[in-house]
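Numbered from 1 within each chain, the chains take letters A, B, ... in sequence-line order.
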Amino acid sequence: MLEIKFVRQNLEEVCQALEKRGDTAALDTFQSEESRRREILSEIDDLRHRRNKNSDEIAALKKKGLDAQNLVLEMREVSARIKALEQDLTISEEKINEILIMLPNLPHSSVPTGKSEAENLVVTKVGTPRKFDFEPKPHWTIGEELNILDFERASKIAGARFPLYFGDGARLERALINFMLELHTIRHGYTEVLPPFIVNRKTMTGTGQLPKFEADLFKLENRDFFLIPTAEVPVTNIFQDEILDESRLPIYYTAYTPCFRSEAGSYGKDTRGLIRQHQFNKVELVKFTTPETSYDELEKLLKDAESVLQLLEIPYQVIMLCTGDLGFSSAKTYDIEVWMPSQEKYREISSCSNFEGFQARRAGIRFKRKDKKGTEPVHTLNGSGLAVGRTFAAILENFQESDGSVVIPKLLRPYMGGKERITR
RNA sequence: GGAGAGAUGGCCGAGUAGGCUGAAGGCGCUCGCCUGCUAAGCGAGUGUACGGUGUAAAGCUGUACCGAGGGUUCGAAUCCCUCUCUCUCCGCCA
C-alpha cells in the first residue's frame, strides 16, 4: 500500500507510475474523498474536545453538589452529532481505503518502461545450453519412463495439475529442498523458518495477495483461511504490526513450504509436466532491511538464488521485468529463467523482488532508528531460491542421456546417498 | 468438542460501586551527574497513529488507542453484548 499522505501530495507521480504499469485508478475520487475525510475528522476532533472539557466540568459541578442538567442536555446533542459524523468518517475512510488498497506499488526508477514481458531486459546469461546428439525429451516423458513421476495417478487422487513423485523422484525433490536450505543457511546466512501453510485474510492482505487476487488462491470452505501461494506470505508477516529495532536489521529468512495456486485463467498453458501445478514445493528467501540498503540487498538476494543453478551447473539467464510486467506489490523484480532443452527456451524458476515499504505499510512492519523520533516502514524483499519442481524438471531435461537415464548433479549426490544417476 | 480463567505501555504489574489514569509502582532503555574501574547511587527522559501549526527538523497543539467490534451514558480500561486470541482441566488425536 502507498501511504495516504504520499498519494495526496504526489498525485501526479502516482498517476504516471500507474500509466507505466498499464493500470488505472480512481484518483480524482480519491482526492475529493480524502479532503472530505479530513474535514470530517477535524470537525469530530473539535466536538470531541468540547465534550471532553464539558464532561470534566459536569464532574466538577456534581462533586460540589451543583446542578449540571443544562450542560448534560447540551452535551447530549453534541454526542449525537459526533456519532453521526463518525459514521460519515467510516464511510469516507472505507471509500479511500478501497482505492488505496488496490493501488499497485510504484516502479523503481531503474525499471525499464514497457508494456509487456516482451520488453523485459535480459541482464545476464550464465552457462551454455548443452548440445544434444539426440532429441531431448520433455521432463514429463523422462520422469514417467523412469517411473519417478506419475501424472495420471496424481489426477486420479486430486485432479489435473498435481504432482506425484516416486522412488528416486521423491528423493530428488527432497534432496533439492535440503540442498537449497543448507546452501542458504550455511553459506548465505539465512535463518531457516518453517511457517504455517494456512493463513488468515489479514496476512494475505499484508503481502498484497488480497483483496485483488483472491481468485488465484485456494480458500478453505466456511473459514476465512487460505492455503499459502508462497512462503513469502507467512514469512513476511512474521513481524506484522511490530516495531523492530534498527539494530536487528537486516533480517534474512529462508523457508521451505509447499505452495498452492489455483492458477485461475491459465487453462491451456503448460498443461503437461511440472511447470504449472496447483501444488508445488519452493524454498523462499525473505529479507527485512532498512530503506537505504534494500537495493543492495536485492542484488545479493538475486546472487544467492542464482548460486543454486550455478552449483547445479544448469544454464540460466536473468531478466529485469519492465513496468508492464511487474507484480502488483513490487517496485523492482528480477526473474531467473532456467534453460529447458525440450522447449529450447528459458523458463522462469525464480522471481526476486524489492517491495520497498509497500508490504510493510500494509502489514504494519516498522522500525525505529536509534536517534530519531517515530517509525518508518521496513523494506521487504523476497525471491525464490528456487522453485523446487521446476528445478527438478530442469535437471531431468538438462542431464538426460540417450538411454533415458538422468545424471544427478555432483553437488546433489551427497543428498541422494551418493547416487550418480537415476535409471530405470 | 465440554468446563473454567484471562487479554492494560518494550517487559512485569496496579487500577472495576463509571469522571482528575496515556494510564500508579517496578524492571529495562537513553542522557546527565557521581565514583580508582566495575557495581551501586542520584537527577531527567522514555508509546503509537491521525489532524492542525511550522520551509523542514525540533517544538507546540487537538483527537484516538487499556485484545477487536458494537451498545448504555453528558462521560467507559472500568457496565452490557458479539467476536478473536491465550492459559488450565477433561475428551479426542499425529
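Within 4.0 Å (heavy atoms only), A:Arg50 reaches no atom of the nucleic acid at all. Within the 4.0 angstrom heavy-atom criterion, only backbone atoms of the sugar-phosphate kind lie near A:Asn52; the bases stay farther away. At a threshold of 4.0 angstrom between heavy atoms, the contacts of A:Lys83 are confined to the sugar-phosphate backbone, with no base atom among them. The residue A:Arg81 sits apart from the nucleic acid: no heavy atom pair falls under 4.0 Å. Using a 4.0 Å heavy-atom distance criterion, A:Lys63 is classed as a base contact. Within 4.0 Å (heavy atoms only), A:Leu41 reaches sugar-phosphate atoms of the nucleic acid but no base atom.
Under the Watson-Crick and G-U wobble criteria, each requiring two contacts below 3.5 Å, nucleotide B:C37 is left unpaired. Across all strands shown, the partner of B:A49 is B:U63, judged by Watson-Crick or G-U wobble contacts whose two distances both fall under 3.5 Å. With a cut-off of 3.5 Å on both pairing distances, the Watson-Crick or G-U wobble partner of B:C42 is B:G32. B:C89 and B:G2 make up a base pair, with Watson-Crick or G-U wobble contacts both under 3.5 Å. Nucleotide B:A77 is matched to nothing when pairs are restricted to Watson-Crick or G-U wobble geometry with both distances under 3.5 angstrom. The pairing partner recorded for B:G9 is none, the criterion being a Watson-Crick or G-U wobble arrangement whose two distances lie under 3.5 angstrom. B:U55 is unpaired under the Watson-Crick or G-U wobble criterion, no partner having all donor-acceptor distances under 3.5 Å. The pairing partner recorded for B:A23 is none, the criterion being a Watson-Crick or G-U wobble arrangement whose two distances lie under 3.5 angstrom.
Atom name P, nucleotides B:C81 and B:U72: the rounded distance is 15 Å, in whole Å. Taking the C1' atoms as reference points, B:G22 lies 11 Å from B:A77, given to the whole Å. Spacing of C1' atoms, B:G18 relative to B:G71, comes out at 15 Å, to the nearest Å. Rounded to a whole angstrom, the distance from the C1' atom of B:G15 to that of B:U21 is 8 Å. Comparing B:U84 with B:G41, their C1' atoms sit 47 Å apart, to the nearest whole Å. If you take atom P in B:G70 and the same atom in B:U78, they sit 14 Å apart, rounded to whole Å.
Counting only N and O atoms by type, the side chains of A:Asp304 and A:Tyr190 include a donor and acceptor under 3.5 Å apart. Defined by atom type and a distance below 3.5 Å, a donor-acceptor pair is missing between the side-chain atoms of A:Tyr256 and A:Glu284. Of the N and O atoms on the side chains of A:Ser405 and A:Thr423, not one donor lies less than 3.5 Å from an acceptor on the other residue.
At least one donor-acceptor pair under 3.5 Å links the side chain of A:Ser55 to the backbone N or O of A:Arg51.
Residues A:His379 and A:Tyr295 keep their aromatic ring centres 6.0 Å or farther apart. Not less than 6.0 angstrom separates the ring centroid of A:Phe288 from the ring centroid of A:Phe367.
Two residues are said to be in side-chain contact when any heavy atoms from C-beta on lie closer than 4.5 Å; A:Ile336 and A:Leu302 meet this criterion.
Residue A:Arg362 comes nearest to A:Thr205 through the heavy atom pair NH1-O, 2.9 Å, listed as atom of the first residue, atom of the second, then distance.
First and last contacting nucleotides of RNA chain B toward chain A (any atom under 4.0 angstrom from a heavy atom, 5' to 3' order): B:G19 to B:G75.
Map A:Leu73 and A:Lys368 each onto its nearest nucleotide of RNA chain B; the residue landing nearer the 5' end is A:Lys368. In terms of position on RNA chain B, the residue among A:Asp45 and A:Arg223 whose nearest nucleotide sits closer to the 5' end is A:Asp45.
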